[in-house]
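Working notes for the structure below.
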Amino acid sequence: MEALGLALAGAGAGLLGAVLGIGGGIFLVPALVLFFGVPMVNAVATGLVAVIATSSAVGAANVDRGVANMRLGMVLEVATVAGAILGSLLAHRVDPRLLIGLFSAVLAGVTALLWRGPAVDREPPPHESQLGLLGGAYDDAAAGGRVSYRMRRLPAALGVSGAAGALSGLLGVGGGVFKVPALHLFCGVPMKAAAATSSFMIGVTAAASAVLYLGSGSLLTRPTALVVLGVLAGSALGAQVSARLKDESVRRLFAALTLVLAAQMLRKALDG
Amino acid sequence: MDERLVVSRLLRGGVWLAAGLMAAGLVSGHQELISWGTIVLIGTPPLRVIALGVSWTRSREWRFASVSWSVLALLLAGYALGAKH
């Protein structure tokens, strides 16, 4: 029974990763602690491994389809990994309650912006010869054909990626939750491409921290294996779901996610 | 080979090898198989960074090649810092 539960928790994380481009650690880690009695440090280690599994499984399919933008992802990874290192160095010097409170406030703002959608400049999609260095194009059946976009405001994306990396170094969560909305709202990247690029990226950030947990021996083998196998099933299902969803639906789903997270984080900040 | 094909094969291969090792470990009770699966899984993303670095270096896309090698250098710096702590 417990084995099935762990696999299902993994499947949920894989599903979220495939559709929304987040690692799912933000739900998986508390679930492991609350429902399966896994100690916090071991739950975080398993969560990181689950994020890597999601990233690789979802990434493989999205790279094939061209939805994951590898060039953009790699450029943003410079900021994310640098931020993550900085964050983990500062981890013991910052009050986590303050951070979580801030996290919650920003997420509430993100929810409102996402629900409304990108207000500015709805340009016609660029021709595929004019995507620039960091633009992309892919087939999206739910959008009725080919989707193409140019990447704008790279400095903003780099800033948010650096902050997201720092946050994941500080709190162990939150890599994808800020990058996906920022890429969509500020940079003109379609929601699905933003999610796919984010999920492609998070494996590298998580791998950087996971090595440290592996070295410290805090990885529980059996629960990790069950969660990872669940992740693979969930992400395969998620890929099917994502292909049928319209970009707007992904955006609304993401807004629902940030709303739930904002509430969860606010409660945590107040409870201490 | 197209860089997209290289990366998707690498990611898929890493995931399935890790899953196979973990499933075998669960069924047989050999914990070390699960540990090996975990190592394969954690090693896959850095390998993907290296694969893209090699691919872009060979196609002389210096801008993106240097970005990939910078990410790898940062990862290694992170490991070194983490090992010290």
Side-chain angles (χ1 to χ4, degrees), chain A residues 3 45-46 48-50 52-66 68 70-71 73-82 84-85 88-89 133 169 200-216 219-222 224-229 231-232 235, chain B residues 3-16 18-19 21-27 29-49 52-53 55-56 61 63-68 70-83 85:
Chain A
T46 296
L48 284 168
V49 174
I52 300 172
T54 306
S55 174
S56 294
V58 176
N62 283 333
V63 166
D64 269 343
R65 292 175 49 218
M70 297 200 292
R71 278 160 214 263
M74 192 66 96
V75 168
L76 298 181
E77 266 162 28
V78 177
T80 318
V81 177
I85 294 174
S88 52
L89 289 176
L133 274 175
F200 173 74
M201 290 173 63
I202 51 183
V204 168
T205 327
S209 328
V211 170
L212 309 178
Y213 282 94
L214 194 67
S216 69
L219 200 76
L220 301 176
T221 49
R222 208 180 106 85
T224 303
L226 288 164
V227 166
V228 165
L229 294 176
V231 161
L232 297 185
S235 60
Chain B
E3 74 213 22
R4 263 160 60 174
L5 204 58
V6 176
V7 169
S8 69
R9 280 188 184 168
L10 178 74
L11 294 178
R12 202 166 272 131
V15 160
W16 286 114
L21 286 166
M22 287 181 169
L26 279 177
V27 173
H30 288 291
Q31 305 279 321
E32 64 275 15
L33 284 175
I34 299 180
S35 300
W36 278 110
T38 312
I39 291 168
V40 169
L41 206 56
I42 296 176
T44 303
L47 273 181
R48 181 272 279 174
V49 174
L52 278 175
S55 173
W56 283 326
E61 292 183 70
R63 224 184 300 222
F64 289 105
S66 56
V67 165
S68 309
S70 307
V71 171
L72 188 68
L74 280 169
L75 280 176
L76 294 175
Y79 295 155
L81 278 171
H85 273 264

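Lettering follows sequence order; numbering is per chain, from 1. All heavy atoms count here, side chains included; hydrogens, waters and symmetry mates do not.
Note that the CG atom of L48(A) and the CG atom of L41(B) stand 11.5 Å from one another [nearest 0.5 Å]. I42(B) CD1 to L219(A) CG: the interatomic distance, rounded to the nearest 0.5 Å, is 6.5 Å. Note that CE of M74(A) and OG of S70(B) are 10.0 Å apart. Values are rounded to the nearest 0.5 Å. Atom CG of residue L11(B) and atom OG of residue S55(A) lie 7.0 Å apart, to the nearest 0.5 angstrom. Rounding to the nearest 0.5 Å gives a distance of 5.0 Å between CD1 of I85(A) and CG of L74(B). Note: R71(A) CZ to R63(B) CZ = 10.5 Å, rounded to the nearest 0.5 Å.
Nearest heavy-atom pair, A19(B) versus L232(A), reported as atom, atom and distance to 0.1 Å: CB-CD1, 3.3 Å. Considering every non-hydrogen atom in both R4(B) and D64(A), the closest pair reads NH2-O, 3.3 Å. Taking each heavy atom of S8(B) and A60(A) in turn, the nearest pair found is CB-O, 3.4 Å.
Both the backbone and the side chain of L133(A) come within less than 4.5 Å of a heavy atom in chain B. Looking at L26(B), the atoms closer than 4.5 Å to chain A (heavy atoms on both sides) all sit in the side chain, from C-beta outward. Contact annotation for E32(B): neither backbone nor side-chain heavy atoms come within less than 4.5 Å of a heavy atom of chain A. The contact between V228(A) and chain B is made entirely by side chain atoms (from C-beta outward), counting heavy-atom distances below 4.5 Å.
Side chain of R48(B) to main chain of F200(A): a donor-acceptor pair is present (N/O by atom type, distance under 3.5 Å, no hydrogens or angles).
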Exercise for the section: In sequence, state the C-alpha distance, the side-chain angles, and the governing distance for I52(A) and T44(B), and then conclude on side chain to side chain contact (heavy atoms under 4.5 Å, CB included). Expected result: CA-CA 8 Å; I52(A) 300 172; T44(B) 303; 5.6 Å; no
Exercise for the section: Report the C-alpha distance between L75(B) and V81(A) in whole Å, list the side-chain angles of each, state the deciding distance to 0.1 Å, and finish with yes or no for side chain to side chain contact (heavy atoms under 4.5 Å, CB included). Expected result: CA-CA 7 Å; L75(B) 280 176; V81(A) 177; 4.1 Å; yes
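At most 12 non-hydrogen atoms from other residues, nucleotides or ligands lie less than 6.0 angstrom from CZ of R222(A).
Per-residue counts of heavy-atom pairs under 4.5 Å with chain A were compared for L76(B), V15(B), L21(B); the largest is that of V15(B).
Test V204(A), I202(A), T205(A) against P45(B) for side-chain contact (heavy atoms from CB on, under 4.5 Å) and you get one pass: V204(A).
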